[in-house]
Amino acid sequence: MTHTKDIRAEIVSMRKKSVLREGFGQGLEIPTTREVPLVSFPKKQVLICEIKRSSPSKGSIGAIDDPVRQAGLYIDGGADVISILTEKQYFNGSLKDLIAVKNKYPGQAVLRKDFLYSLEDIEISWCAGADIVLLIAS
């Protein structure tokens with residue numbers, strides 16, 4: 001019998017340990033209230049472009065040294081929503097990327113993609129500037 005690795009469970013476990021060390025804000029100073037406008041998710045077909053540096057299955061995908069510049073290229077190319085991976089260990093992301101992109105492009109819809117598991121995650125996402133969060137239920 002072959003046992004497959006449950007990478008999602010592993011990531012969630014690591015995320016919970018990270019939250020214990022750094023808090024839900026990844027050790028960053030997160031505003032206590034939202035400082036950027038809320039942008040509604042478009043109700044038509046949308047182009048979502050993603051800031052993603054690595055993944056558990058592929059490893060490093062490519063360097064994104066400047067997520068704000070990358071987001072600008074996506075917006076110039078017609079992106080309706082910028083998806084930003086904020087998980088640190090497996091995707092090499094950060095809430096810092098989300099905050100920087102949203103501050104530069106406050107009128108752009110921004111999606112936080114991470115392994116969120118609590119109401120505090122949603123509140124931090126809101127205050128950091130996420131207009132949308134991805135929730136995976138299983």
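Numbering starts at 1 and runs along the sequence shown.
Within the 4.5 Å cutoff, no side-chain heavy atoms of V110 are placed close to those of I132. Side-chain contact between V133 and W126 is absent, with no heavy atoms from C-beta onward closer than 4.5 Å. For the pair Y105/I75, a side-chain contact is recorded, criterion being any heavy-atom separation below 4.5 Å from C-beta on. Looking only at side-chain heavy atoms (C-beta outward), M14 and F115 stay at 4.5 Å or farther from each other.
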After noting the C-alpha distance and the side-chain angles of L111 and F41, does the key distance pass the side chain to side chain contact (heavy atoms under 4.5 Å, CB included) rule? CA-CA 9 Å; L111 163 70; F41 193 83; 6.0 Å; no

Report the C-alpha separation of I84 and K113 in whole Å, then their side-chain angles, then the decisive distance to 0.1 Å, and conclude whether the side chain to side chain contact (heavy atoms under 4.5 Å, CB included) test is met. CA-CA 6 Å; I84 303 174; K113 206 165 168 187; over 6 Å; no

Between K102 and V39, is a side chain to side chain contact (heavy atoms under 4.5 Å, CB included) present by the stated rule, with each step listed? CA-CA 10 Å; K102 188 62 179 187; V39 177; 3.4 Å; yes

Check against side chain to side chain contact (heavy atoms under 4.5 Å, CB included), V12 and E87: CA-CA 10 Å; V12 169; E87 195 282 328; over 6 Å; no

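Among all heavy-atom pairs drawn from P56 and I11, the shortest one is CG-CD1, 3.8 Å. Taking every heavy atom of both residues into account, S40 and A109 meet most closely at O-CB, 4.3 Å. Nearest heavy-atom pair across V101 and A71 is CG1-CB, 3.7 Å. Here the shortest heavy-atom pairing between R34 and G129 reads NH2-O, 3.3 Å. Nearest heavy atoms, A79 versus C49: CB-SG, 3.8 Å. The shortest non-hydrogen separation linking S60 to S54 is CA-CB, 3.7 Å.
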Which atom pairs, one a donor and one an acceptor, fall under 3.5 Å between side chains of residues 23-32 and the rest of the protein, sequence neighbours left out?
{"from": "Q26", "atom 1": "OE1", "to": "L95", "atom 2": "N", "distance (Å)": "2.7"}
{"from": "Q26", "atom 1": "NE2", "to": "T86", "atom 2": "O", "distance (Å)": "2.7"}

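A cation-pi arrangement, defined by a distance under 6.0 Å to the six-membered ring centre and an angle within 45 degrees of its axis, is absent between K52 and F91.
No single ILVMFWY cluster, assembled from side-chain heavy atoms under 4.5 Å apart, contains both L38 and L98. Hydrophobic clustering keeps I51 apart from I48 (ILVMFWY residues linked when any side-chain heavy atoms are closer than 4.5 Å, directly or through intermediates).
Distance alone, capped at 3.5 Å, is enough to place a donor-acceptor pair between the Q108 side chain and the D80 backbone. Within the 3.5 Å criterion, the main-chain N or O of L116 finds no donor-acceptor partner in the side chain of D114. Using modelled atom types, no side-chain atom of N92 and backbone atom of R53 make a donor-acceptor pair closer than 3.5 Å. With N103 contributing its side chain and I99 its backbone, the two residues share a donor-acceptor pair below 3.5 Å. Side-chain atoms of Q45 do not come within 3.5 Å of backbone N or O of L47 as any donor-acceptor pair. For S13 (side chain) and A9 (main-chain N/O), no donor-acceptor pair under 3.5 Å exists by modelled atom type.
Ionic pairing of K88 and E22 is present here: one or more N-O contacts between side-chain nitrogen and carboxylate oxygen are shorter than 4.0 angstrom. The pair R112-D131 does not count as a salt bridge, with every side-chain nitrogen at least 4.0 angstrom from each carboxylate oxygen.
Scanning for salt bridge (charged side-chain N to carboxylate O under 4.0 Å, His left out) contacts around K58 gives an empty result, with sequence neighbours left out.
For E50 and Y74, the side-chain atoms include no donor-acceptor pair closer than 3.5 Å.
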